[in-house]
Each structure stands twice: as C-alpha cells, then as structure tokens.
Amino acid sequence: MQRLRLRLDPLRETLLLTLYARALDAGLAHPILGDAHSAGIADAIDYDFAKLDLKPSLVCGTALRAKKLDEAVRRFADRHPDAVVLDLGCGLDTRVLRCDPPPGVDWYDVDFPDVVDLRPRFLPDRSVRIGADLTAPGWLGPLPRDRPAMIVAEGLLPFLPGDTFQRMTRELTAHFRTGELAINGYTRFAAWSMRYHPTIKAIGITAAQGFDDPREPETWDAGLRLVEEQLLARAPEVADFPQPLRAATRLMSHSTTLSRQGTRVLRYRF
Ligand SMILES: C[S@@+](CC[C@H](N)C(=O)[O-])C[C@H]1O[C@@H](n2cnc3c(N)ncnc32)[C@H](O)[C@@H]1O
C-alpha cells in the first residue's frame, strides 16, 4: 500500500500524536477504546511515529478520555435527536464513526482548512467539514442557531493561545441557544509540564495553557455551568491499564489533587 506523506506544521502535527495513541491502544490485548479506524489511518500515513516514543500513560490516557468524551456525545445525541455536534480541533479523529450519530443529528468537524481537507483521504464522508482558525471569529455564522449543540474539544485547550479558548467559548454559547461543552481539562501544572514532555518537545510545541478549578470556566461570561468533573484515574477502565501504570494510577486516584493532574473530562451546560 502507498502510504501518504503529510506536510504539517508542529501545531497540526499534534493530531498524529493523538491518532497514534488511539492506534496503539487498538493493538493492546485489552484496548480501552479499541478504535481500529485510527489504527488503519495511522498505517496509511508515511510518518516516523516511533519518534513520538509514546508511553503507556499517554496511550491509555488518550484512549480513555476519548472514550469518556464519546460517551458524553452519545448521551447528548440520545437525549436530543435534532442535535448538532461540533468536534473542535478534530484533526483526523474518527469520533463521528465511533459515535455513529442517528440521522437527525448533524455533525461538524472543525479544524484548520488544510487539516479538514485531509479527512476525506482517510475517512468516510460522515460529517460536514469546517476549515477555520478557531482563534478567529466568523466561522460559526452558517451554523444553525436553534438546535441543541454538543461541543466537544479534545486535546485543543493547551494549543489555543492567551484567552482565545475563552473567547471562542463565549462566541459558541452566544450562537447556540442551549447545549453542552465537553473537554479534557489540563491543570496549569499539567499544561506547563506538557512543554517538557518528550513527545511534545519532539514536535516542538511551546504554547500551553490550562486551569485548576473545574469551575473556572463558569467565570468566563459564557453562561457555562459545570455538570461533571470526571477524574479518569478513578475510572473502572483503569483495571485494563498495563502494569505498572495500573498500580501507579490507582495510587494516584486516592488524591483528588493528584488525580486532577492526570486525565480529566469536564462537562458544562449552557
Ligand atoms: C492534539 S490535536 C487533537 C486532534 C483531535 N482532537 C484528536 O483527539 O485526535 C490538536 C488539534 O487542534 C487543531 N488546532 C490547534 N489550534 C487550532 C486553531 N487555532 N484552529 C483550528 N484548529 C486548531 C490542530 O490542527 C490539531 O488537529
């Protein structure tokens, strides 16, 4: 099979990291997410994935947060069969295939134009693609306003500079009448230390931001109300983590402060 070489700058290249983490999870004896589509896409890309040197903690953490965010999307689509779903900073994620939304749900995959243009090369056409820089206003205009919106942003927060994530959130909640925002949260420490993570360093990313208090987004003037903070160190799926990661994660799970430094999924209503 002819593998495709992609031209991506470091910011976009981060999509290969999450893609490959899901691909590696799919190959485990006890996968957390079991996303065979991601494994197929990674196989089709000509890239030195080995240089990412992904550790089990990143593989399992990425697979588990994807699973929890998928569950949030499915629950929302079950409750709102006329929903719109927005996957912000979608990269080459296969979430739309994993969630398989019912016909009344419209799904929008949003990322830089050159990134969303890559999607049809690897993925079946199940969503509307929106090519946009999320730090710039204006891209929301054509989207319906009067339908419940499920907005999911995985692995995006640390890469949006300054207060642009907050600004984007205000624009989203002003546009849609009602809905939910689900993200994977990063504490300030987690976001800061990410810069020194060998994988992120290998890619060359320097910007990173996060917040500690899960209620902080309630102060963004975006009408958000925290409905759930899931500390994934306490998730039942940890039983399927390989050792010694399983033991270390269980130890960490006794402390809320330490668990918050790990993977967490935050859900807000508006
Ligand atoms: C770590 S990747 C996560 C990709 C995907 N959510 C996943 O889990 O596989 C971050 C993604 O955010 C996108 N991104 C970062 N900054 C962006 C911006 N200003 N506008 C649009 N997309 C952006 C990148 O192109 C990349 O696809």
Side-chain angles (χ1 to χ4, degrees), residues 14 17-18 21-22 25 30 32-33 53-73 75 88-89 151-166 168-169 180-201 203 205-270:
T14 59
L17 195 158
T18 41
R22 290 188 298 272
D25 166 72
H30 299 283
I32 308 288
L33 184 66
D53 190 23
L54 293 196
K55 302 284 187 270
S57 57
L58 206 141
V59 171
C60 294
T62 303
L64 184 51
R65 79 188 193 196
K67 182 176 176 190
K68 298 298 175 188
L69 288 167
D70 287 358
E71 286 170 4
V73 175
R75 277 196 305 268
L88 305 180
I151 301 161
V152 59
E154 179 174 356
L156 178 67
L157 171 70
F159 302 115
L160 294 197
D163 68 348
T164 47
F165 193 88
Q166 290 89 318
M168 177 194 74
T169 305
E180 196 170 306
L181 170 72
I183 61 175
N184 63 304
Y186 297 79
T187 60
R188 283 181 213 291
F189 175 74
W192 172 81
S193 59
M194 211 173 115
R195 301 181 202 186
Y196 304 100
H197 190 287
T199 307
I200 297 290
K201 254 174 100 168
I203 290 180
I205 294 286
T206 51
Q209 62 155 325
F211 53 87
D212 298 336
D213 181 353
R215 292 198 177 277
E216 190 170 311
E218 293 181 345
T219 68
W220 290 352
D221 285 333
L224 295 177
R225 191 166 41 82
L226 177 72
V227 287
E228 189 180 29
E229 178 188 34
Q230 282 181 289
L231 301 177
L232 301 191
R234 295 175 179 171
E237 288 86 349
V238 172
D240 286 328
F241 282 12
Q243 292 288 26
L245 177 64
R246 190 192 319 156
T249 308
R250 285 195 165 139
L251 196 63
M252 185 168 101
S253 72
H254 294 288
S255 155
T256 299
T257 308
L258 286 180
S259 299
R260 277 204 174 122
Q261 302 304 333
T263 312
R264 60 183 178 151
V265 163
L266 303 167
R267 290 197 302 118
Y268 303 88
R269 294 232 168 93
F270 60 90

Heavy-atom closest pair, residues [X] and [Y]:
X    : Y    : result
G210 : A191 : N-CB, 3.6 Å
L156 : G89  : CD1-CA, 4.2 Å
R234 : S253 : NE-O, 2.8 Å
L17  : L54  : O-CD1, 3.7 Å
N184 : G155 : OD1-N, 2.8 Å
Y268 : P214 : OH-O, 2.6 Å

Atom [atom1] in [X], atom [atom2] in [Y]: separation rounded to 0.5 Å?
X    : Y    : atom1 : atom2 : result
D70  : R75  : CG    : CZ    : 11.0 Å
L266 : R215 : CG    : CZ    : 11.0 Å
L160 : L88  : CG    : CG    : 9.0 Å
L232 : R260 : CG    : CZ    : 13.0 Å
C60  : E237 : SG    : CD    : 11.0 Å
E218 : F270 : CD    : CZ    : 14.0 Å

Residue that, paired with R267, satisfies side-chain hydrogen bond (donor to acceptor under 3.5 Å, both in side chains) out of Q230, E180, E229: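 Testing each of Q230, E180, E229 against R267, the sole residue satisfying side-chain hydrogen bond (donor to acceptor under 3.5 Å, both in side chains) is E180.
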Would you mind telling me which of L69, I183, V265 makes a side chain to side chain contact (heavy atoms under 4.5 Å, CB included) with V152?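 Exactly one pass, corresponding to L69.
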[X] side chain to [Y] main-chain N or O, any donor-acceptor pair under 3.5 Å?
X    : Y    : value
T62  : V59  : no
R225 : R269 : no
D25  : A63  : no

Evaluate side chain to side chain contact (heavy atoms under 4.5 Å, CB included) for K55 paired with L245, printing each intermediate quantity in order. CA-CA 10 Å; K55 302 284 187 270; L245 177 64; over 6 Å; no
One thing to verify: whether R188 and E216 come together as a salt bridge, which I'm taking to mean a side-chain N less than 4.0 angstrom from a carboxylate O.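 Looking at R188 together with E216, the answer is yes, because their closest N to O distance falls below 4.0 Å.
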Test side chain to side chain contact (heavy atoms under 4.5 Å, CB included) applied to T169 and L181, step by step: CA-CA 9 Å; T169 305; L181 170 72; 4.0 Å; yes
Would you confirm whether the ring centroid of W220 sits within less than 6.0 angstrom of the ring centroid of F211?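 Ring-ring flag for F211/W220: true, centres closer than 6.0 Å.
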Looking at side-chain heavy atoms only, is the closest gap between F189 and D212 below 4.5 Å?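 Side chain of F189 against side chain of D212, heavy atoms only: no contact under 4.5 Å found.
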